[in-house]
Asks: 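Attaching a single structure in structure tokens format; questions to follow.
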Amino acid sequence: MWSGLGDSITRWWRGGRRTGRTGCQQQTVNGSLTHAGVCDGHVTEPGAEQVRAFLRSHADFLERFVMEEVELEQLERWMIRSTQRAKKRPDGPGSGKNGRKTSLSRWKFCVHADKRQMLQELTRSLQQKPTKAHVLWELAGCICSAVGAEGYRLYLAERGDPEMLGLYLGQDGRKENGEAIVEKMTSGLTVPVYVARTREPLRLSKGSVDPRFPDGLPYTGDAAHALYQPVVQTDGHLAAVVELWRSDPFHEEDEEIASSYLVWGGIALHYAQLYLSMNKQRKLNDFLLAVVKSIFQDMVSMDALIMKIMNFAQRLVDADRASLFLVDSKNKELYARIFDIGVASENVSNNTTGASDSGGEDAVAKLQNSTEIRFPLGTGIAGQVANTGEILNISDAYCDERFNRSIDQLTGYRTKSILCMPIFIRGNIIGVVQMVNKRSGDFTKEDEEAFEMFAVYCGLALHHAKLYDKIARSEQKYRVALEVLSYHNTCTEVEVTQAREQRIPETIPGVDNYYFSVFKLDDFEKVRHAIYMFKDLFGLSRFDSDSLIRFTLTVRKNYRRVPYHNWTHGFSVANSMYSVIKHSQSTFKPNECLALYIASLCHDLDHRGKNNKFMLDTESPLAAIYSTSTMEHHHFNQTVTILQQKGHNIFSKLNSWEYKQVLGYVKHCILATDLALFFPNKAKLAQLVAEQSFSWGDLEHRLLIQAIAMTACDLSASAKPWDVQVKTVKVIFEEFYEQGDAERAAGRIPIPMMDRKQPDQQPSSQGDAEKLAGHVPSPLMDRDRKCELGAIQVGFLTGICIPCYSLLYKLIPETKPMLDQCQANLEQWRNIDEEIKKQQKEGDGVDALSFLDKVLETSEKLVKEQTETPAEDCKLKESDQNQETAREEKTSVETRLEQSEATEEDVDVSVLIQQLTDEELDLELHSNSKVGSV
């Protein structure tokens with residue numbers, strides 16, 4: 001290549017104007033003479049200095065040659081070498097104007113160091129002040145230095161709108177809160193606006209006539225030429241317009257340099273925006289976290305919550321005032337008791353998250369002095385938002401016809417900008433928040449997005465506040481209702497005094513007999529007997545006598561007057577449990593005995609005479625609270641309610657552990673009276689007995705025997721003498737029929753057992769219970785198999801009662817009288833069943849209640865005849881029974897003693913030994929009595 005250049009110069013040299021051989025002069029192209037050094041007729045080759053001088057004086061020739069002959073890659077290598085050498089010279093580009101003035105050639109071929117320096121400075125600037133305006137300002141400074149401009153201006157585009165340009169006043173022009181000051185441009189077409197619209201670079205010079213800009217070049221001091229460069233982000237949005245000026249004209253190379261810088265600067269701008277977005281999101285998340293903590297941790301009242309929401313909203317968008325209007329859907333109105341809440345500047349600066357105490361004295365005073373305002377939906381800006389559900393961002397309120405100026409005229413306040421946003425919950429508008437006068441300019445799209453997220457939490461808070469208010473009011477109503485009910489359902493002091501005056505007897509003969517009849521006592525006598533049984537079992541060393549009296553009287557009062565599940569039934573079950581505990585001492589531990597007796601006394605409190613299925617079918621509130629064992633859970637809840645009343649806690653002297661243990665046992669025992677639970681309990685216990693793996697030291701096994709004992713006592717009417725059995729069956733059917741009447745009144749068809757219109761077709765309750773428990777009921781127990789009155793009792797006794805008493809007898813032999821009487825009653829019902837079937841064959845209809853009346857009359861005559869039997873025969877018979885029972889009790893105690901384990905949960909061995917001695921003595925007495933009688 002260089003040889004080609006030399007050859008070209010030599011040819012030019014030789015082809016020049018010739019002179020005489022004696023002369024050494026030659027005329028150059030421009031007419032000057034040079035000494036070519038011609039010797040002996042030969043032309044001398046030009047030297048390096050001559051070529052250098054020639055090229056300097058013939059720049060056009062050099063340019064044509066390089067453009068035609070030199071490869072671009074070679075040029076790039078030359079430029080790199082030249083740049084590296086220039087950096088080493090003391091007068092290199094680093095010492096020029098602005099410290100880093102560069103040229104187009106250096107930018108194109110040797111900008112590695114310049115780009116690195118520019119990016120380093122931008123990175124440092126981004127770390128120090130990571131704002132969009134600052135990055136653009138630094139980028140404009142880089143371009144200014146690169147093109148050798150004398151100065152520059154930066155016009156920021158708000159929201160990317162070319163019509164909303166503002167002159168950025170630089171780093172020195174900043175507000176007190178750190179925000180940059182942007183001077184809005186006057187309306188009309190200006191050069192920056194034109195460039196923002198077209199997004200194309202533009203060069204202008206003073207004196208040039210351009211019809212687009214009749215005013216000419218804007219004022220730039222002494223500079224005569226200007227370059228305008230748009231800054232467009234990677235997403236296509238306009239960011240700014242850069243204005244550069246200098247005394248020399250701008251060329252295409254300058255535009256290209258600026259564009260190249262903008263490509264690299266756009267990367268920094270992009271990451272600056274990412275950083276700002278993440279930083280804003282983090283601050284918003286912190287703000288919302290503070291909102292959630294403040295709102296949901298201290299939800300005292302609706303007014304206090306509204307105050308907090310408005311204060312938080314003001315801080316979120318930096319508004320001067322705020323109002324929150326709630327929607328009254330019933331009256332189609334918006335209303336507010338608190339509005340135009342302002343935030344002091346010191347609070348804003350001192351509390352960036354807005355987690356201030358809005359419940360202070362000033363807030364309280366403001367609440368007390370506020371008056372409610374109301375206006376129809378669709379009125380004003382807030383009403384419009386409530387109607388449409390759309391966000392309204394108004395930069396000039398007085399230019400909007402929907403704005404109501406009367407408020408400003410009355411208050412003297414000037415409304416400029418408004419941001420009004422709906423608050424939704426479950427798709428419905430429940431309120432509208434209106435922010436007035438943003439402190440720093442107008443409300444932006446970012447304000448809308450941030451507030452839209454904030455509005456979600458506002459909606460949840462307001463919704464929960466309403467629920468909280470409802471719950472609070474409901475709780476107060478509940479307390480009032482409970483107070484009223486407590487007054488009417490609690491025993492009176494007159495009744496307590498009467499019970500004190502009628503002292504509880506030291507002994508009550510026959511009350512511990514399994515066959516004790518409760519029908520011969522009135523309600524108050526039952527109370528006295530219940531108190532006696534409690535004292536006889538547990539004494540009063542750990543219990544207060546007055547609390548026991550009040551508790552028992554109130555329990556009586558809380559049994560409803562229904563045919564069967566009334567106070568008589570509750571007392572009867574308690575009496576049966578008393579008999580079981582009395583005859584099988586040391587079987588259950590003291591706290592277990594206490595729980596069993598109290599659970600038996602209270603197991604049907606507030607029973608409505610309706611079963612669990614009826615409660616579920618009628619969607620009773622009780623069924624909504626307790627999905628399983630509905631009434632049983634309610635009975636336990638009523639028990640606890642009575643214990644919580646003043647002067648009724650009979651467990652007050654127990655320690656904390658004993659109190660919890662007894663209550664746990666009471667709950668377990670009351671729930672065990674649900675027949676749906678009897679079948680799985682019976683199956684588990686029967687398997688343990690069959691496998692001979694039952695242990696009195698196992699807590700789970702003891703809970704099973706407690707449950708079976710509760711069922712046995714609950715069904716003790718089937719183990720009572722025949723007259724008591726018939727009376728009980730009669731009242732049970734009366735209660736069944738009342739439930740059937742209620743079902744018919746509700747438009748449903750009752751099951752035959754509860755339908756008084758089908759008295760001869762009655763299914764058994766065991767079938768219902770077995771179906772609920774997931775078992776296949778036997779034919780006699782299945783409601784789909786129409787059974788008659790006798791078959792009902794036969795099926796009930798054989799399916800539930802006999803298995804229950806048989807299982808109980810195997811573990812507690814002292815309960816054999818219950819099994820014996822139940823079997824005797826079973827034989828009676830079988831005879832009645834045969835008689836009913838005989839009447840049906842003869843075509844006579846059978847009415848259940850009428851038939852029971854006849855049976856009851858017959859049984860009463862039989863009882864009367866038995867009472868006239870000679871006393872000696874009765875005594876002999878009773879002596880035989882007592883002797884047999886004593887032997888069985890002795891065997892039972894010995895068995896339990898052998899099975900007991902030496903643990904804290906085991907049966908007390910010393911008590912069993914003492915009990916065994918007493919039983920042996922009783923057995924001798926019984927034997928002597930029998931001999932004497934004979």
Side-chain angles (χ1 to χ4, degrees), residues 122 131-144 146-147 149-171 173 179-206 208-221 223 225-246 249-252 254-270 272-273 276 393 395-396 440-446:
L122 283 178
T131 63
K132 179 180 178 181
H134 182 68
V135 172
L136 289 170
W137 180 260
E138 289 295 321
L139 182 59
C142 291
I143 298 174
C144 178
V147 300
E150 300 172 1
Y152 64 93
R153 292 192 185 95
L154 180 64
Y155 300 92
L156 298 178
E158 184 177 349
R159 306 177 191 172
D161 189 352
E163 307 298 331
M164 301 180 65
L165 290 182
L167 177 61
Y168 179 61
L169 300 182
Q171 300 305 309
E179 292 188 3
I181 297 178
V182 178
E183 182 181 305
K184 288 188 176 181
M185 298 185 60
T186 58
S187 60
L189 181 62
T190 60
V191 179
V193 172
Y194 176 81
V195 174
R197 290 177 181 175
T198 60
R199 302 191 180 186
E200 295 292 337
L202 178 65
R203 286 173 284 149
L204 288 179
S205 300
K206 276 189 177 180
S208 62
V209 179
D210 193 325
R212 296 171 298 181
F213 312 109
D215 297 336
L217 185 67
Y219 176 75
T220 55
H225 307 279
L227 171 63
Y228 295 87
Q229 188 76 26
V231 182
V232 182
Q233 299 175 196
T234 54
D235 58 1
H237 286 82
L238 180 69
V241 174
V242 179
E243 179 186 21
L244 307 167
W245 66 83
R246 69 185 182 189
F250 287 97
H251 303 286
E252 293 180 0
D254 299 307
E255 293 181 8
E256 191 168 353
I257 290 174
S259 299
S260 300
Y261 266 94
L262 289 176
V263 171
W264 289 96
I267 298 175
L269 183 61
H270 173 69
Q273 286 184 313
L276 290 175
N393 189 348
S395 58
D396 191 347
S440 55
D442 297 331
F443 294 105
T444 63
K445 186 68 175 178
E446 294 178 352

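When a residue number appears, it is its place in the shown sequence, counting from 1.
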Asks: For the side chain of R203 and the backbone of E255, is there at least one donor-acceptor N/O pair under 3.5 Å apart?
Replies: no
Asks: Locate the shortest heavy-atom distance separating V195 from Q229; write the atom from each residue and the value.
Replies: CG1-C, 4.5 Å
Asks: Between N393 and F443 (side chain of the first, backbone of the second, donor and acceptor by atom type, cut-off under 3.5 Å), is there such a pair?
Replies: yes
Asks: Please report the shortest heavy-atom distance between L136 and A240, naming the atom on each side.
Replies: CD1-CB, 3.9 Å
Asks: Of all the heavy-atom pairs spanning A149 and L244, show the shortest one and how long it is.
Replies: CB-CB, 4.1 Å
Asks: Just to verify, what does D442 make a side-chain contact (heavy atoms from CB on, under 4.5 Å) with, not counting sequence neighbours?
Replies: K184, S395, S417
Asks: Among residues at least two apart in sequence or on other chains, which ones pass side-chain contact (heavy atoms from CB on, under 4.5 Å) with A140?
Replies: Y152, V242
Asks: Grab the two heavy atoms, one from A196 and one from L238, that are nearest each other, plus how far apart they are.
Replies: CB-CD2, 3.4 Å
Asks: Calculate, to the nearest 0.5 Å, the distance between atoms CG and NZ belonging to L156 and K132 respectively.
Replies: 7.5 Å
Asks: Any cation-pi pair here, R153 with Y155, using under 6.0 Å and within 45°?
Replies: no
Asks: Look up atom CD1 in I257 and atom SG in C142, then write down how far apart they are to the nearest 0.5 Å.
Replies: 13.0 Å
Asks: Please name the pair of heavy atoms, one in L154 and one in A133, separated by the smallest distance, quoted to 0.1 Å.
Replies: CD2-O, 4.1 Å
Asks: Is there a side-chain contact between D254 and H225 (heavy atoms, below 4.5 Å)?
Replies: no
